[in-house]
There are 2 protein chains.
Amino acid sequence: MIVASEEAARELLEVVPVIMKDIRSEMRTRRSPDLTVPQFRTLAFVDRNEGASLSAVANHMGLTLPSTSKLVDGLIARGMLTREDNVADRRRVKLGVTNHGLVILETSRRGTLNYLADKIASLSADDREVVVKAMNAMRSVFISSIQTQAPGK
Amino acid sequence: MIVASEEAARELLEVVPVIMKDIRSEMRTRRSPDLTVPQFRTLAFVDRNEGASLSAVANHMGLTLPSTSKLVDGLIARGMLTREDNVADRRRVKLGVTNHGLVILETSRRGTLNYLADKIASLSADDREVVVKAMNAMRSVFISSIQTQAPGK
DNA sequence: TATTGTTATACTCTATAACTATA
DNA sequence: TATAGTTATAGAGTATAACAATA
């Protein structure tokens, strides 16, 4: 089977929004209504990059600084993130996940993973393998390799 | 390679939001800033199902009726959709795409497809095939087979 | 009474413009 | 002057609650 880029692009444009809609609905309304997708991704990023700056989060999320600032505001207001001054460069902030934030993050992740795994269980082992391979290929195309600044500087 | 549902679910939860973010950004800011993703999907659905009711659109999109009503309002205000009474059942409406809507839809689709195809072109032929197969598997899992009501009744 | 749709209200997501503080 | 971040403002996406019209 010869697959043109155009054909793969059509498939992505048709199917990806539907998967995304499903993930978003699951996060919003079912087992784990605590986090929206951007909130979940922000929390997960700060968890993996303790002390990250706002710019680092904005870069990872592909959002502007004002959008990211507001997103972070909400998570701080709900006690899931902390924001401190960075003494080495006082223009910057250092973000951190609270214990409460960690609990919410893990609960949300578990609920969503269970939901997705349950759906995927209906596929053949071959199809599951194809999905994993496709996601790895997509990762190389869509996830930029830009890394977080080291928290210190 | 044996792939557990859990592993495939983790991959989906990590990668799909990033692809979606990219598609959304492309639609919003680059070649085709005319339609958001939900607007695009609504227009495409009504194009394929001329005379569809609001409920049919809501069902397809996985949205509530009020949300769908507002979404459609916006497209009507911008001259891309029409809304008429359904004489056979006056509670219902019949939606249609205008010529202007068709032009915008096609322009947006072409721009986004070109953008995606360009990115995908960096993959090997094997990887492109894997992507298409994965999307077909996902379609069976995530796209419900519920069909539109016939426009007449 | 059930179905189809709209209006009112509210919150999140996201952007641009204008600003402050620090380097 | 350039960088990091916030505040103000605004539009889109989405939901629930309350309602009107029709079946």
Side-chain angles (χ1 to χ4, degrees), chain A residues 17 20-30 33-43 51-78 80-81 83-95 148-149 151-153, chain B residues 17 20-30 33-43 51-59 61-78 80-81 83-95 148-149 151 153:
Chain A
M20 194 60 208
K21 180 83 197 54
D22 208 56
I23 292 175
R24 217 182 289 123
S25 299
E26 165 62 21
M27 282 204 170
R28 264 209 266 253
T29 65
R30 260 180 254 225
D34 298 306
L35 296 176
T36 64
V37 172
Q39 289 166 351
F40 173 86
R41 294 220 297 140
T42 299
L43 221 42
S53 69
L54 194 71
S55 295
V57 176
N59 178 67
H60 170 75
M61 298 285 293
L63 297 175
T64 62
L65 276 172
S67 299
T68 310
S69 186
K70 216 172 147 187
L71 185 53
V72 164
D73 280 349
L75 291 170
I76 291 172
R78 289 166 62 203
M80 300 185 204
L81 282 183
R83 176 168 37 199
E84 304 171 28
D85 291 340
N86 182 332
V87 282
D89 180 346
R90 305 231 327 274
R91 294 171 304 182
R92 296 197 180 202
V93 298
K94 289 169 85 163
L95 300 173
T148 329
Q149 306 307 322
K153 182 57 200 307
Chain B
M20 194 61 209
K21 179 87 197 51
D22 207 58
I23 292 175
R24 219 182 286 122
S25 298
E26 164 62 21
M27 281 202 170
R28 264 210 267 254
T29 65
R30 261 180 253 224
D34 298 307
L35 296 176
T36 64
V37 172
Q39 288 166 350
F40 173 85
R41 294 219 297 139
T42 299
L43 221 42
S53 68
L54 194 70
S55 294
V57 176
N59 178 65
M61 299 285 292
L63 298 175
T64 61
L65 277 171
S67 298
T68 310
S69 186
K70 213 172 145 187
L71 184 53
V72 163
D73 280 348
L75 291 169
I76 291 172
R78 290 165 63 204
M80 300 184 204
L81 282 183
R83 176 168 39 199
E84 304 171 28
D85 290 341
N86 182 332
V87 282
D89 180 346
R90 305 230 327 274
R91 294 172 304 183
R92 297 196 177 202
V93 298
K94 290 169 85 163
L95 301 173
T148 330
Q149 305 308 322
K153 182 57 195 306

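Keep in mind that this is a model prediction, so the values were computed, not measured. To find a chain, count down the sequence lines: A is the first, B the second, and so on, and within it residues start at 1. Values below: all heavy atoms of this structure, side chains included; hydrogens, waters and symmetry mates excluded.
- Closest to the A/Pro38 side chain, of the nucleotides C/dT22, D/dA8, C/dC13, is C/dC13.
- Put simply, the side chain of A/Ser25 gets close to the backbone of A/Lys21: a donor and an acceptor are under 3.5 Å apart.
- Where A/Arg24 and A/Asp73 each meet DNA chain D at their nearest nucleotide, the meeting point lying more 5' is that of A/Asp73.
- A 4.5 Å side-chain heavy-atom check between A/Gln39 and A/Leu71 finds at least one atom pair inside the cut-off.
- Of all nucleotides listed (C/dT22, D/dT9, C/dT9), D/dT9 comes nearest to the side chain of A/Lys70.
- In plain terms, the two heavy atoms of B/Asp34 and B/Met80 that are nearest each other are O-CE, 4.4 Å.
- In the interface, the side chain of A/Ser53 is not paired with the base of D/dA4 through any donor and acceptor atom under 3.5 Å apart.
- Counting non-hydrogen atoms under 4.0 angstrom, B/Leu54 reaches the backbone sugars and phosphates but no base.
- Nearest nucleotide to the side chain of A/Thr64, out of C/dT16, C/dA8, D/dT14: C/dT16.
- Among pairs with a residue in residues 66-77 of chain A, those fulfilling salt bridge (charged side-chain N to carboxylate O under 4.0 Å, His left out) read A/Asp73-A/Arg83, at least two apart in sequence or across chains.
- Per the geometry, CZ belonging to A/Arg83 stands 5 Å off P belonging to D/dT6, to the nearest Å.
- Side-chain proximity of A/Thr36 to the nucleotides C/dT12, C/dT4, D/dA15 is greatest for C/dT12.
- Nucleic acid contact for B/Ser55: sugar-phosphate only, since backbone atoms but no base atoms lie under 4.0 Å from a heavy atom of the residue.
- Judged by distance alone, with hydrogens and angles left aside, A/Arg91 brings a side-chain donor or acceptor within reach of the base of D/dT3, the pair sitting under 3.5 Å.
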